[in-house]
Visitor: 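One structure is given below, represented as C-alpha cells, and several questions about it will come after.
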Protein chains: 2
Amino acid sequence: MIPLDSTDKALLSYLQHNSKQTNKELSNKLNLSVTAVYERIKKLEREGVIQKYIALVEPEKVDLELLVFCQIKLTQHSREYLTKFESEVTQLTEVLECFHVSGEYDYLLKVLVKDMEHFRMFMVSKLTTLQHIGSTQSSFSINKVKNTTVLTLS
Amino acid sequence: MIPLDSTDKALLSYLQHNSKQTNKELSNKLNLSVTAVYERIKKLEREGVIQKYIALVEPEKVDLELLVFCQIKLTQHSREYLTKFESEVTQLTEVLECFHVSGEYDYLLKVLVKDMEHFRMFMVSKLTTLQHIGSTQSSFSINKVKNTTVLTLS
DNA sequence: GTTTAGACAGAAAATATTTCTAAAATAGCT
DNA sequence: AGCTATTTTAGAAATATTTTCTGTCTAAAC
C-alpha cells in the first residue's frame with residue numbers, strides 16, 4: 001500500500017475536484033513550491049494512485065436524460081456463461097457500469113439513454129438478446145441525490 | 001439542446017478519455033488548427049457540455065476495496081422525510097452515489113469503504129442512524145465488469 | 001451582389017510545465 | 001547523538017502550452 005501524507009491527500013482532493021488548476025495555484029493552497037507540487041503529482045501518477053485525467057460531460061446537455069439500474073439473473077452460472085455475458089455487456093455503450101454482485105440477482109447495471117423509447121429499444125434489441133440472460137428487473141432514477149467521483153482519503 | 005457536429009463529438013470523446021492531451025495533439029487527431037481546437041473546447045465549456053475536469057483516483061491504491069450497493073426504504077414518504085434523508089446521506093463521504101429510484105425500494109446507494117469491518121461500522125453508526133430509515137438491503141460487488149464515465153454521443 | 005456572423009489558421013504574447021542544480025529535511029544505521 | 005544516504009524542496013532557466021490577436025474564408029441572410 002502506498003503511504004500518503006496529509007499533503008498528498010489534500011492534493012488529491014483538489015485534483016479530484018478540479019484537475020485544471022495550475023501547479024502555482026496548488027502550491028499556494030498547499031504552501032509548497034511549484035516544483036514540490038509537480039514532483040508529488042508525478043509520483044502519484046507513477047504509482048497509479050491517479051489513474052487518469054478526464055473531462056466530465058453533462059448528460060442532460062447531450063440529451064441523455066434517463067438513467068436506469070438493471071438487475072440481471074443469468075440462466076446458468078458456469079464460468080463460460082459469465083465471461084460471455086460480461087464481454088458482451090461491456091460492448092454496450094449505454095451501459096456505463098456493470099458489477100457482478102451478491103444477492104438475488106447476478107449483475108447490477110447502470111444504463112444511460114435518451115428517453116424511455118430508447119430504453120425500450122435498448123432492452124429489446126440489445127440487453128435481452130444477450131446470451132444466457134434469465135430475468136431482469138429495472139429501476140428508474142427519479143432524482144439524482146448525489147453523484148461524485150471523489151474518494152475521501154482518511 | 002446544443003447542436004454538436006461530428007468534430008465536437010470526436011473532441012468530447014478524446015477529452016472524456018484523457019483531458020491532459022495538448023491542443024496540438026488534439027489538432028492532429030482532428031485535422032484542425034490549435035486555435036480551432038481551443039475555440040471548440042472553450043465553447044463546450046461555456047455551454048456546460050463539459051462540466052469539469054477531474055483526476056480519477058484508483059480505489060484499490062488508496063485502500064478502498066469494498067463496494068456495496070444499498071437499497072433503502074423510508075418509513076414514510078412525506079416531502080419532509082425525503083429531503084431530510086437526502087441531505088443527511090449527501091454528507092456521508094462513503095456514499096459516492098445516491099439515486100431516488102422507482103420500484104420496491106426508494107433509494108439506491110453506491111458505498112465505497114475499506115473492508116467489511118468498515119462497512120459494518122458505516123451501517124451501524126451512520127446509515128441506520130439516519131432518520132426515517134425503514135429497511136435496507138445490501139449487495140456486495142464481487143467483480144467490476146465495467147465502470148466508465150464516458151458518455152457515447154451519437 | 002453585398003453584408004454579417006461564425007469558424008479557422010498562423011503568428012505573437014502570456015502562462016504554465018518541466019528540467020536542472022543545490023539546499024534542506026528525513027530516515028536509517030552505528 | 002552523530003553520520004550517511006535518500007528524499008523532498010526551492011528557485012532559476014529552459015521548454016512547451018495556452019491564449020490572444022489579426023486577418024481570411026465560407027455560408028447564410030438580406
Side-chain angles (χ1 to χ4, degrees), chain A residues 1-64 149-154, chain B residues 1-64 149-154:
Chain A
M1 188 56 39
I2 293 133
L4 301 175
D5 65 16
S6 61
T7 305
D8 285 329
K9 287 172 190 168
L11 177 53
L12 285 170
S13 176
Y14 288 128
L15 291 175
Q16 284 188 96
H17 284 97
N18 174 17
S19 62
K20 273 288 159 77
Q21 298 171 87
T22 66
N23 290 345
K24 191 188 234 171
E25 287 171 324
L26 292 167
S27 74
N28 286 332
K29 292 178 181 172
L30 296 168
N31 284 107
L32 280 179
S33 71
V34 171
T35 305
V37 170
Y38 176 81
E39 295 293 350
R40 277 176 181 266
I41 292 175
K42 286 298 146 194
K43 185 154 73 102
L44 292 168
E45 290 171 1
R46 243 183 289 123
E47 289 165 338
V49 175
I50 296 176
Q51 195 191 117
K52 56 181 173 176
Y53 298 92
I54 61 162
L56 287 183
V57 168
E58 189 75 47
E60 290 79 10
K61 295 280 181 173
V62 295
D63 208 20
L64 293 167
T149 54
V150 178
L151 311 188
T152 301
L153 312 174
S154 48
Chain B
M1 190 55 39
I2 293 132
L4 301 174
D5 65 15
S6 61
T7 305
D8 284 329
K9 287 171 189 167
L11 177 54
L12 285 170
S13 177
Y14 288 128
L15 291 175
Q16 283 187 97
H17 285 97
N18 174 16
S19 62
K20 273 289 159 78
Q21 299 170 88
T22 65
N23 291 346
K24 192 188 233 169
E25 288 169 323
L26 291 167
S27 73
N28 287 332
K29 292 179 181 172
L30 296 168
N31 284 108
L32 279 179
S33 71
V34 171
T35 305
V37 170
Y38 177 80
E39 297 289 354
R40 277 176 183 267
I41 292 175
K42 285 298 147 193
K43 185 155 75 104
L44 292 167
E45 290 171 2
R46 241 182 293 122
E47 288 165 338
V49 174
I50 296 176
Q51 193 191 121
K52 57 179 173 176
Y53 299 91
I54 61 162
L56 287 183
V57 168
E58 189 76 48
E60 291 79 10
K61 297 280 181 173
V62 295
D63 208 19
L64 293 168
T149 54
V150 178
L151 311 188
T152 300
L153 312 174
S154 47

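Predicted model only: the values in this text are computed from it and were never measured. Lettering follows sequence order; numbering is per chain, from 1.
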Visitor: What integer distance in Å separates Arg46(B):CZ from dT19(D):P?
Guide: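 For the pair Arg46(B) CZ and dT19(D) P, the rounded distance is 13 Å.
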
Visitor: When you measure from the side-chain N and O atoms of Tyr38(A) to the phosphate of dT19(C), is any distance below 4.0 Å, counting only OP1 and OP2?
Guide: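 Looking at the OP1 and OP2 atoms of dT19(C), one of them is under 4.0 Å from a side-chain N or O of Tyr38(A).
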
Visitor: Using atom OH of Tyr53(A) as one end and atom C1' of dT17(C) as the other, report the distance to the nearest whole Å.
Guide: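 Atom OH in Tyr53(A) sits about 12 Å away from atom C1' in dT17(C).
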
Visitor: In Å and rounded to the nearest 0.5 Å, what is the CG to OG distance from Leu56(A) to Ser19(B)?
Guide: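 Those atoms lie 9.0 Å apart.
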
Visitor: Look at atom NZ of Lys24(B) and say whether more than 12 heavy atoms of other residues, nucleotides or ligands are closer to it than 6.0 Å.
Guide: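 Incorrect, the count does not exceed 12.
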
Visitor: Do the non-hydrogen side-chain atoms of Leu15(A) and Leu44(A) ever get within less than 4.5 Å of each other?
Guide: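 They are not in side-chain contact.
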
Visitor: Assign Thr22(B) to base, sugar-phosphate, or nothing according to its heavy-atom contacts below 4.0 angstrom with the strands shown.
Guide: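 Sugar-phosphate, no base atom in range.
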
Visitor: When you measure from the side chain of Leu32(B), which nucleotide among dC8(C), dA7(C), dA10(D) comes out closest?
Guide: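 Out of dC8(C), dA7(C), dA10(D), the nucleotide with an atom closest to Leu32(B)'s side chain is dC8(C).
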
Visitor: Can you measure Asp5(B) atom CG to dC8(C) atom P for me and round it to whole angstrom units?
Guide: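 In whole Å, dC8(C) P and Asp5(B) CG are 8 Å from each other.
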
Visitor: Side-chain N or O of Arg40(B) less than 4.0 angstrom from OP1 or OP2 on dC8(C)?
Guide: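 Checking dC8(C) against Arg40(B), a side-chain N or O does come within under 4.0 Å of OP1 or OP2.
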
Visitor: Please tell me if Lys42(B) has a side-chain N or O lying less than 4.0 Å from either OP1 or OP2 of dT18(D).
Guide: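 No, because none of the side-chain N or O atoms of Lys42(B) sits under 4.0 Å from OP1 or OP2 of dT18(D).
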
Visitor: Please state how far atom CG in Asn31(B) lies from atom P in dC8(C), giving the value in whole angstrom units.
Guide: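 Taking CG of Asn31(B) and P of dC8(C), I get 12 Å after rounding.
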
Visitor: When rounded to the nearest 0.5 angstrom, what distance separates OG1 in Thr7(A) from CG in Leu11(A)?
Guide: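 One finds 8.5 Å between OG1 of Thr7(A) and CG of Leu11(A).
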
Visitor: Which whole-number value in Å describes the distance from Glu25(B) CD to dT17(D) P?
Guide: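 Rounded to the whole Å, the gap is 7 Å.
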
Visitor: Mind calculating the distance between NZ (Lys20(A)) and C1' (dT19(D)) to the nearest angstrom?
Guide: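 Distance check: Lys20(A) NZ to dT19(D) C1' gives 13 Å.
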
Visitor: Between Leu30(A) (CG) and dA10(D) (C1'), how many Å, whole number?
Guide: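 Roughly 15 Å, once rounded to whole Å.
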
Visitor: Can you tell me which nucleotide in dT18(D), dA10(D), dG10(C) comes closest to the side chain of Thr35(B)?
Guide: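 Comparing dT18(D), dA10(D), dG10(C) against the side chain of Thr35(B), the answer is dG10(C).
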
Visitor: If you check every side-chain atom of Val34(B), which of dT9(D), dC8(C), dT18(D) has the closest atom?
Guide: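 Closest nucleotide to the Val34(B) side chain: dT18(D).
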
Visitor: Starting at atom CD of Gln21(A), determine the distance to atom P of dT15(C), rounded to an integer number of angstrom.
Guide: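 Answer to the nearest Å: 18 Å.
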
Visitor: Using modelled atom types and a 3.5 Å cut-off, is there a donor and acceptor pairing between side-chain atoms of Gln16(B) and backbone atoms of Leu151(B)?
Guide: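 Flag set: sc Gln16(B) to bb Leu151(B) pair under 3.5 Å.
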
Visitor: From the list dT20(D), dT8(D), dT17(C), which nucleotide is the closest neighbour of the side chain of Asn23(A)?
Guide: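 The listed nucleotide nearest to Asn23(A)'s side chain is dT17(C).
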
